[in-house]
Amino acid sequence: MSLLVLDALKKHYGAQEVLSGASLTIDPGAKIGIVGRNGGGKTTLMRMIAGKEHPDWGSVTLRKGARLGSVPQRPVFEAGVTAREYVAGGLDEARRVLTELEVVGERMGEASGDELERLMREHDRLTERVEHLGGWDAERSVETVMSGIGLAPALWDREARVMSGGEKSRTALARELVAGHDLLLLDEPTNHLDLEGIEWIERWIAELDGAVLIVSHDRRLLTNSVQAILELERGQLTSYAGSYPKYLVQKAERYDSDHRAWAQQHEMVKREELFIKKHMGSQRTAEAKGRAKKLSNIVRLEQPFLDVRRPVIRTPKAARGGELVLTTEGLSGGYESNVLFKDVDLRIGRGQRIGVVGPNGAGKTTLLKILAGRMQPLAGKVLGGHGSICGYHDQDTAQFHPESTPFLEISRSRPGMTDLEVRSHLARFLFRGNEVDKEIAALSGGERARVALALLVLDQPSWMALDEPTNHLDLASRASLEEMLSEFDGALLCVSHDREFLDGLCTHVISVSGGQVREHDGNYSSWRRLLDEERTEAGEAKAKIAGRKKAEERRQREAATKKSGKKPAQKAKRPRNPYRLDKLEKEIMRLEERLAELQAACATEDVYRNPQRLKETQIEIAEVEHELALANEEWESFA
């Protein structure tokens with residue numbers, strides 16, 4: 001049975017038709033990404049599914065009893081409620097079902113006959129529901145999720161309503177992730193996450209039992225976490241099976257096929273109409289009438305639509321400077337009460353492409369602003385190379401006055417440009433007609449980002465410092481930006497959470513984390529591999545230290561035993577690594593046998609009539625399943 005059905009949804013805002021007959025069916029467990037242009041109706045569609053808006057026509061039908069979750073854009077927190085308590089509120093359904101399961105278990109202990117059979121069926125249903133909600137391990141999932149999306153333990157017991165905007169958004173997201181919804185709606189869930197948080201949420205989404213509908217411009221997320229792509233274009237939804245790369249291929253193939261079919265029919269209709277016009281009233285009138293009748297019964301194909309609009313971002317010519325863009329000596333940055341990094345020595349050369357990465361709050365933007373001359377360091381100095389001119393992009397577009405307009409911003413920056421030149425320049429960034437005179441305050445985040453880029457390319461910097469340049473840009477705009485930057489022959493320094501952007505553009509990485517600034521020669525993916533290797537080595541080193549400590553403790557015990565004259569107890573020698581696989585296979589067999597025993601025990605009268613024993617058995621089942629999953633994962637690594 002379908003989880004969600006949208007039937008011919010229509011929605012207007014004044015004269016603008018946002019949805020024009022959009023239909024969709026979602027099955028349980030589906031992972032679907034929604035893509036489309038900014039302003040195309042994606043958020044409106046999500047709000048309709050969540051019941052926060054209503055269509056002008058059509059219907060939204062959620063399966064009876066299904067639980068739907070969505071993350072509020074502006075979460076409201078009650079006074080005194082900590083972040084941990086707010087997130088744990090997402091477990092209310094799991095707790096309710098567990099309580100109901102205990103009640104049914106107690107009643108089973110006193111029932112018999114048909115009533116017992118009914119209660120056993122109800123018990124099975126509730127047990128399955130608890131598993132779906134993650135109820136056996138629900139309390140632990142709160143801390144797992146909060147850590148995964150980048151909420152530091154120091155924030156867990158802080159009052160939620162006094163946190164920063166980004167922290168509030170992550171707290172609201174965490175609550176929905178732990179809740180075990182049948183359908184979870186996520187609108188740009190990575191906006192306030194750092195790179196590790198984005199990679200964590202990818203894995204979490206992929207492993208969720210429930211269905212997920214995601215609006216995102218993160219191409220890597222849409223590649224790694226979803227099974228299908230829905231494109232919202234001209235008010236219609238088109239479905240493509242597979243992840244984002246497959247969607248691109250299928251869309252191109254579908255357009256080519258539809259265009260060929262339309263072109264063939266179009267040519268055939270033209271030929272038939274010419275024949276009818278030529279021979280109507282001649283000796284072949286009967287044939288012409290017959291062809292006219294056939295032509296009137298043909299179902300005309302609509303010319304397929306391909307939206308090729310995207311900003312035409314011309315590459316700014318880099319001012320000719322020296323081979324050295326800048327160097328730093330003993331650089332420290334942050335605030336008097338919070339030093340984010342210190343003693344940083346960097347050397348940036350002409351043409352280098354550098355991605356700046358690190359956790360939220362580590363100091364990436366602070367470092368970029370200091371290097372770009374927009375902020376003073378706490379200590380040390382930045383030395384610009386010969387002819388070094390920086391073009392700076394602010395992620396918050398804070399340089400704009402709210403009552404200004406795109407036209408006024410360009411005119412103010414370049415007073416020598418004529419009105420026609422200003423309008424032509426803005427048209428390359430998709431501002432046409434009256435759009436050039438809209439107030440900045442009324443523009444969307446993506447529109448403000450396009451204005452900032454329109455200003456940036458009018459300069460001729462020798463290098464660019466870009467703080468989250470892809471924020472709020474749709475996929476087409478991101479592609480245009482990447483093309484422009486790839487052709488820019490000056491140096492680039494980019495703070496970004498877009499892994500596809502970093503991998504495709506940057507050949508070096510600067511990491512800002514834990515008060516340290518590290519340099520890496522390679523793109524983001526190679527940097528991640530290096531981090532994983534370092535963490536593995538650190539784990540192995542920690543294990544070796546623990547092993548040496550245990551060996552030393554054992555040596556001391558043996559020495560003490562020898563001194564006392566007692567013989568040490570004989571212990572079986574542990575097998576070495578060559579025998580690990582055999583031992584692992586035996587362990588898997590033992591766990592599988594134990595799991596089967598426990599599952600069978602749940603159906604015995606001694607267990608199901610004893611609520612406490614039933615609960616203990618179910619907990620042990622969850623523990624054995626977890627051990628079995630770990631053992632199987634290790635076994636697979638031997639292959």
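Throughout, numbering of the chain's residues begins at 1 and tracks the sequence.
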What donor-acceptor contacts under 3.5 angstrom involve side-chain atoms of residues 76-86, with partners at least two apart or in another chain?
| from | atom 1 | to | atom 2 | distance (Å) |
| --- | --- | --- | --- | --- |
| T82 | OG1 | E85 | N | 3.2 |
| T82 | OG1 | E85 | OE1 | 3.4 |
| R84 | NE | D157 | OD1 | 3.1 |
| R84 | NH1 | E143 | OE2 | 2.8 |
| R84 | NH2 | D157 | OD2 | 3.2 |
| E85 | OE1 | T82 | N | 3.0 |

Checking the side chain of [X] only, and the main-chain atoms of [Y] only, is there a donor and an acceptor separated by less than 3.5 Å?
| X | Y | value |
| --- | --- | --- |
| N38 | E447 | no |
| S413 | I410 | no |
| R170 | H192 | yes |
| D467 | V495 | no |
| Q227 | K31 | yes |
| H401 | E403 | yes |
| T418 | E421 | yes |
| S411 | F407 | yes |

Taking the side chain as every heavy atom from C-beta outward, state whether [X] and [Y] have any atom pair closer than 4.5 Å.
| X | Y | answer |
| --- | --- | --- |
| H508 | E519 | no |
| I214 | P189 | yes |
| I370 | L331 | yes |
| C506 | N523 | no |
| L213 | L184 | no |
| L19 | L237 | no |
| R448 | I440 | yes |
| Q395 | T365 | yes |

Could you state the interatomic distance from [atom1] ([X]) to [atom2] ([Y]), rounded to the nearest 0.5 Å?
| X | Y | atom1 | atom2 | result |
| --- | --- | --- | --- | --- |
| I34 | I49 | CD1 | CD1 | 6.0 Å |
| H497 | E196 | NE2 | CD | 10.5 Å |
| L367 | L371 | CG | CG | 4.5 Å |
| M46 | L186 | CE | CG | 6.5 Å |
| C494 | F501 | SG | CZ | 4.5 Å |
| L453 | L458 | CG | CG | 11.0 Å |

[X]-[Y] side chain donor-acceptor pair, cut-off 3.5 Å:
| X | Y | value |
| --- | --- | --- |
| S526 | H520 | yes |
| S164 | E167 | yes |
| S225 | E202 | no |

Sequence neighbours left out, what passes salt bridge (Lys or Arg N to Asp or Glu O under 4.0 Å) with D498? Give chain and number order. R219, R478

Verdict with supporting geometry, S70 and H181, side chain to side chain contact (heavy atoms under 4.5 Å, CB included): CA-CA 9 Å; S70 63; H181 295 298; over 6 Å; no

From CA spacing to verdict: salt bridge (charged side-chain N to carboxylate O under 4.0 Å, His left out), R374, D394: CA-CA 10 Å; R374 301 300 177 103; D394 182 359; over 6 Å; no

Side chain to side chain contact (heavy atoms under 4.5 Å, CB included) evaluation trace for W527 with L502: CA-CA 11 Å; W527 165 248; L502 290 172; over 6 Å; no

Flag the pair [X] and [Y] as a salt bridge only when some basic side-chain nitrogen lies within less than 4.0 angstrom of an acidic carboxylate oxygen.
| X | Y | answer |
| --- | --- | --- |
| K251 | E231 | yes |
| E435 | K438 | no |
| E199 | R528 | yes |
| K42 | D187 | no |

Evaluate whether atom [atom1] of [X] has more than 12 neighbouring non-hydrogen atoms of other residues, nucleotides or ligands under 6.0 angstrom away.
| X | atom1 | answer |
| --- | --- | --- |
| Q376 | CD | no |
| R412 | CZ | yes |
| N434 | CG | no |
| Q516 | CD | no |
| K52 | NZ | yes |

Where do [X] and [Y] come nearest, in terms of heavy atoms and distance?
| X | Y | value |
| --- | --- | --- |
| L485 | M464 | CD2-SD, 3.9 Å |
| V451 | E409 | CG1-CB, 4.5 Å |
| G349 | A491 | O-CB, 3.6 Å |
| L324 | I348 | CD1-O, 3.6 Å |
| T327 | R347 | CG2-CG, 4.0 Å |
| T405 | D437 | CG2-O, 3.4 Å |

Could you check whether the rings of Y247 and Y244 sit parallel, tilted or perpendicular, using 30° and 60° as the cut-offs? tilted

Evaluation steps, side chain to side chain contact (heavy atoms under 4.5 Å, CB included), between F341 and T366: CA-CA 10 Å; F341 51 82; T366 299; 4.2 Å; yes

Identify whether NZ of Lys or CZ of Arg in R450 sits under 6.0 Å from the centre of the six-membered ring of F431 and within 45° of that ring's axis. yes

Is the distance between the ring centroids of F429 and H425 under 6.0 Å? yes

Would you sort out whether V509 and I354 count as a side chain to side chain contact (heavy atoms under 4.5 Å, CB included), showing the intermediate values? CA-CA 5 Å; V509 168; I354 303 170; over 6 Å; no

Residue pair D345, T328: steps toward the side-chain hydrogen bond (donor to acceptor under 3.5 Å, both in side chains) verdict: CA-CA 5 Å; D345 296 325; T328 69; 4.8 Å; no

The single option from I510, L530, V512 that satisfies side-chain contact (heavy atoms from CB on, under 4.5 Å) with R518 is L530

